[in-house]
Visitor: 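What follows is a single structure, and I will ask about it in a moment.
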Amino acid sequence: MSFVSACCNTPPVKANYKPAGKTSTKDNVEYYVAGEKGNKIGIVFCYDIFGFHPNSLQVADILGRSGFRVIMPDFLRGDPVTAEKMSNGTWIPEFMANRAAWEHNKGIFRTAVEILRAEGVESIGAVGFCWGAKLVMSALTDESEKFLGTSVKSGVLIHPSALEKKDFENAAGPILLLPTKDEPDFTESFAIAKAKPFGETSYMERFDNQIHGFCAARGDFSKPEVSGDVNKAIQMTVGFFKRTLLA
């Protein structure tokens with residue numbers, strides 16, 4: 001597993017946003033929740049390496065206002081990657097060895113799903129950004145989670161990092177894949193997912209005029225050329241989840 005180069009050397013933007021959701025703590029992990037509690041469709045929001053960044057909170061709130069109950073776990077436990085950490089480059093080996101893998105984050109993801117289930121959510125998907133997209137694909141391919149009743153039905157992968165061909169081979173649900181100019185060509189890998197029984201609901205569209213991270217912590221939402229595509233990606237995400245989770 002390896003990150004795209006832009007993920008390793010592009011710092012987050014500074015942004016001001018007042019979140020509309022609420023944060024709660026369970027087992028010493030924070031969970032940000034947005035959207036009405038009575039919503040029957042839930043989304044597990046897997047942020048990028050910068051954690052609870054204002055941009056990610058804003059996207060989560062928009063999804064919450066679109067009819068979903070959204071939960072964003074703090075996988076990084078209050079210790080996200082920062083611009084300072086990126087400047088010396090030492091964060092990459094530590095992150096990959098101790099924090100990035102699905103096995104390190106599976107329990108927190110499972111708890112997020114259990115919280116949604118306890119609130120009455122009936123159908124669950126997941127959206128991931130950068131490294132978070134790898135977590136989404138892991139959730140879609142983890143056979144053990146299906147037997148525990150916590151599997152997600154579909155996933156959205158926005159400017160993903162660390163994806164491998166085997167992720168697409170093992171995918172057990174439809175995916176919406178939205179790479180940028182900084183990500184590799186996924187044509188061959190996506191064709192594998194597209195050929196599966198649920199493939200007709202999977203879709204890929206490249207945002208080749210945007211950088212890795214434009215829809216999360218690296219995006220300058222004050223620029224119309226960025227915010228326009230952010231809104232497009234969100235609208236595509238909303239439509240995809242309504243098609244795949246309401247069925």
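Quick note: residue numbers are just sequence positions, from 1. Keep in mind the model is a prediction, meaning the values are calculated, not measured.
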Visitor: Kindly list each side-chain donor-acceptor pair under 3.5 angstrom involving residues 34-42, sequence neighbours excluded, with atom names and distances?
Guide:
| unit_1 | atom_1 | unit_2 | atom_2 | d |
| --- | --- | --- | --- | --- |
| Asn39 | ND2 | Glu36 | O | 3.4 |
| Asn39 | ND2 | Phe68 | O | 3.0 |

Visitor: Report yes or no: does Ser56 contribute a side-chain atom to a donor-acceptor pair with the main-chain N or O of Phe52 at less than 3.5 Å?
Guide: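 Not a single qualifying donor-acceptor pair exists.
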Visitor: Checking the side chain of Asn170 only, and the main-chain atoms of Lys166 only, is there a donor and an acceptor separated by less than 3.5 Å?
Guide: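 Looks like yes, one N/O pair under 3.5 Å.
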Visitor: Got a sec, which residues hit side-chain contact (heavy atoms from CB on, under 4.5 Å) with Phe190, two or more places apart in sequence or on another chain?
Guide: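 Phe190 satisfies side-chain contact (heavy atoms from CB on, under 4.5 Å) with Ile175, Leu177, Lys194, Ser202, Met204 once adjacent residues are dropped.
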Visitor: Tell me, please, which residues at least two apart from Asp61 pass salt bridge (Lys or Arg N to Asp or Glu O under 4.0 Å).
Guide: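 If we apply the salt bridge (Lys or Arg N to Asp or Glu O under 4.0 Å) test to Asp61, skipping adjacent residues, there are no hits.
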Visitor: Under the side-chain contact (heavy atoms from CB on, under 4.5 Å) test, which residues partner Asp79, sequence neighbours left out?
Guide: Lys85, Arg99
Visitor: Between Glu183 and His212, do the side chains contain a donor N or O and an acceptor N or O under 3.5 Å apart?
Guide: yes
Visitor: Just jot down the side-chain contact (heavy atoms from CB on, under 4.5 Å) partners of Gln210, sequence neighbours excluded, or say none.
Guide: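 With neighbours one apart ignored, the set is Thr180, Phe207, Phe214, Val226, Asp229.
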Visitor: Would a line drawn from the ring center of Phe129 to the ring center of Phe45 be shorter than 6.0 Å?
Guide: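 Yes.
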Visitor: For the pair Lys153 (side chain) and Leu140 (backbone), establish whether a donor and an acceptor sit closer than 3.5 Å, ignoring hydrogens and angles.
Guide: no
Visitor: Does Tyr47 use its side chain to pair, donor to acceptor, with the backbone of Leu76 at less than 3.5 Å?
Guide: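 Checked: pair present.
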Visitor: Can Lys165 and Glu188 be counted as an ion pair, charged N to O under 4.0 angstrom?
Guide: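 Here Lys165 pairs with Glu188 in a salt bridge, since their nearest N and O are under 4.0 Å apart.
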Visitor: When you measure from the side chain of Asn231 to the backbone N and O of Gly228, does any donor-acceptor pair fall under 3.5 Å?
Guide: no
Visitor: With no hydrogens and no angle check, just 3.5 Å: does a side-chain donor-acceptor pair link Glu205 and Tyr203?
Guide: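 Yes, side-chain donor-acceptor contact under 3.5 Å.
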Visitor: Return the set of residues passing side-chain contact (heavy atoms from CB on, under 4.5 Å) with Ser138 (not counting sequence neighbours), or none when no residue passes.
Guide: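 Listed in chain order: Trp102, Lys134.
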Visitor: Determine whether a donor-acceptor pair (N or O, by modelled atom type, separation under 3.5 Å) exists between the side chain of Asn55 and the backbone of Gly219.
Guide: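 Side chain of Asn55 to backbone of Gly219: a pair is present.
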